[in-house]
Amino acid sequence: MIRNVIGSVLALTGATAAVWSPFRAWYDGRHGRDYAIDELFTGITDAKAEVIGSILLPFAFAALVTLVGIALRSRLLVALAGLVVLGFTVFWMVRVGQAEGSLVISGDGRGLGDGVANAFGGGVLLLIGALVMSGRTRPHGTHRVDRGDHEPRPTHPTLDGPPPDDLPHDLGDEPHRHPQASAPYAAPTQPFDVPVRDPDRDGPPPQAPPPPDRR
């Protein structure tokens, strides 16, 4: 939580510096809002651009992406915003170097101005904010344990669940009846073999001896 707050503050500071940078001097006292966005692809000229079509446009887009990333606690969106700011700043420096022949850093208002420094600093702060943020965290107590991954599947019928699929078909035909369940007080259904005596083979049956005479 603390990391998200610190990262969000850094990201907001970087986005603010990036949006403010076009209103500062970028080169030879010329503000960044005077450079048209299409000049980065066609070549730098001395024509003054409209604010809505200037280099402010990609920086404003980066600031919007930063706000969405902070709201969603997305480190990827915040890092993307930082890359957009740094990418367009470096691209502008390449185009200006081609138009001027070289880039000059001077303290008398000539050469690169503080607007470029603000853009660079804003992009770096956005990347640092993305690194500091911890992103979304999973709430405690939502970890699910799959029984099939940790316990072997029983191979015999149990009292706490339906019979497994590998039981014989005579037990699986009745899905609502447990294999061990039986009707109470039911008569046995197993037949018993009773021996039958054959008189021709075994002869007459033995006779019991007469009772003793007690007279």
Side-chain angles (χ1 to χ4, degrees), residues 1-139 142:
M1 180 64 181
I2 298 179
R3 292 183 57 184
N4 282 329
V5 173
I6 297 176
S8 299
V9 172
L10 292 175
L12 287 175
T13 304
T16 303
V19 173
W20 177 246
S21 65
F23 298 94
R24 305 294 298 173
W26 276 53
Y27 198 79
D28 286 345
R30 186 179 180 183
H31 289 186
R33 65 175 183 266
D34 295 334
Y35 293 95
I37 189 67
D38 58 345
E39 290 182 358
L40 299 180
F41 304 95
T42 60
I44 302 297
T45 63
D46 294 334
K48 187 175 181 179
E50 298 291 337
V51 176
I52 192 63
S54 67
I55 200 173
L56 175 65
L57 182 62
F59 292 166
F61 172 76
L64 179 60
V65 173
T66 301
L67 294 177
V68 175
I70 292 175
L72 299 178
R73 289 181 292 180
S74 174
R75 303 173 61 186
L76 181 61
L77 290 179
V78 176
L80 177 62
L83 292 177
V84 169
V85 173
L86 291 178
F88 273 92
T89 303
V90 173
F91 196 21
W92 172 88
M93 292 179 65
V94 172
R95 285 301 188 181
V96 171
Q98 292 176 350
E100 299 291 337
S102 63
L103 294 178
V104 180
I105 300 177
S106 177
D108 57 355
R110 297 184 57 84
L112 295 175
D114 57 351
V116 180
N118 290 339
F120 261 113
V124 172
L125 284 178
L126 285 170
L127 294 180
I128 295 176
L131 293 176
V132 173
M133 292 176 63
S134 60
R136 293 185 178 181
T137 56
R138 180 178 298 179
T142 59

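All values reported here derive from a predicted model rather than from experimental measurement. Only this structure's heavy atoms are used, side chains among them; waters, hydrogens and symmetry mates stay out.
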Are more than 12 heavy atoms from other residues, nucleotides or ligands located less than 6.0 Å from atom CD of E50?
-> no
Go through the steps for M93 and L112 under the test side-chain contact (heavy atoms from CB on, under 4.5 Å), then give the verdict.
-> CA-CA 9 Å; M93 292 179 65; L112 295 175; 4.2 Å; yes
Which pair of heavy atoms, one from D28 and one from G111, lies closest together, and at what distance?
-> OD1-N, 2.7 Å
Reported CD1-to-OG1 distance for the pair I37 and T42, which is rounded to 0.5 angstrom = 10.5 Å
Identify the two heavy atoms, one from F59 and one from A18, that lie closest to each other, and give their separation to 0.1 Å.
-> CD1-O, 3.2 Å
Over all heavy atoms of both residues, which pair between L10 and G129 is shortest? Give the atoms and the distance, please.
-> CB-CA, 4.0 Å
Close side-chain approach of V84 to V65, heavy-atom, < 4.5 Å = no
Here the pair of heavy atoms bringing A79 nearest to A130 is N-CB, 3.7 Å
Would you say the side chain of Y27 lies within less than 4.5 Å of the side chain of V116, judging by non-hydrogen atoms?
-> no
Would you call V85 and V124 a side-chain contact if the rule is heavy atoms closer than 4.5 Å?
-> no
Side chain R75, main chain M133, donor-acceptor under 3.5 Å | yes
Sequence neighbours excluded, which residues qualify as ring pair (Phe, Tyr, Trp, His ring centres under 6.0 Å) partners of F91?
-> F41
Verify side-chain contact (heavy atoms from CB on, under 4.5 Å) between I70 and N4, making sure each step is shown before the conclusion.
-> CA-CA 8 Å; I70 292 175; N4 282 329; over 6 Å; no
Taking D34 for its side chain and K48 for its backbone only, find out whether a donor-acceptor pair lies under 3.5 Å.
-> no
Got a donor-acceptor contact below 3.5 angstrom from the R95 side chain to the G43 backbone?
-> no
Here the pair of heavy atoms bringing V19 nearest to A63 is CG2-CB, 3.6 Å
Gap separating the CG atom of L57 from the CZ atom of R33, nearest 0.5 angstrom = 15.5 Å
Euclidean distance, L80 CG relative to S74 OG, rounded to 0.5 Å | 9.0 Å
How many angstroms lie between atom OG1 of T66 and atom CG of L126, to the nearest 0.5 angstrom?
-> 4.5 Å
Could you tell me the separation between the CG atom of L64 and the CG atom of L77, rounded to the nearest 0.5 Å?
-> 10.0 Å
Minimal heavy-atom distance between A17 and G122, with the atoms involved, is CB-CA, 4.1 Å
Using 30° and 60° as the class limits, which term best fits the ring planes of W26 and Y35: parallel, tilted or perpendicular?
-> tilted
Evaluate whether atom CG of D46 has more than 12 neighbouring non-hydrogen atoms of other residues, nucleotides or ligands under 6.0 angstrom away.
-> no
Contacts of A47 meeting side-chain contact (heavy atoms from CB on, under 4.5 Å) (sequence neighbours excluded), chain-then-number -> E39, T45
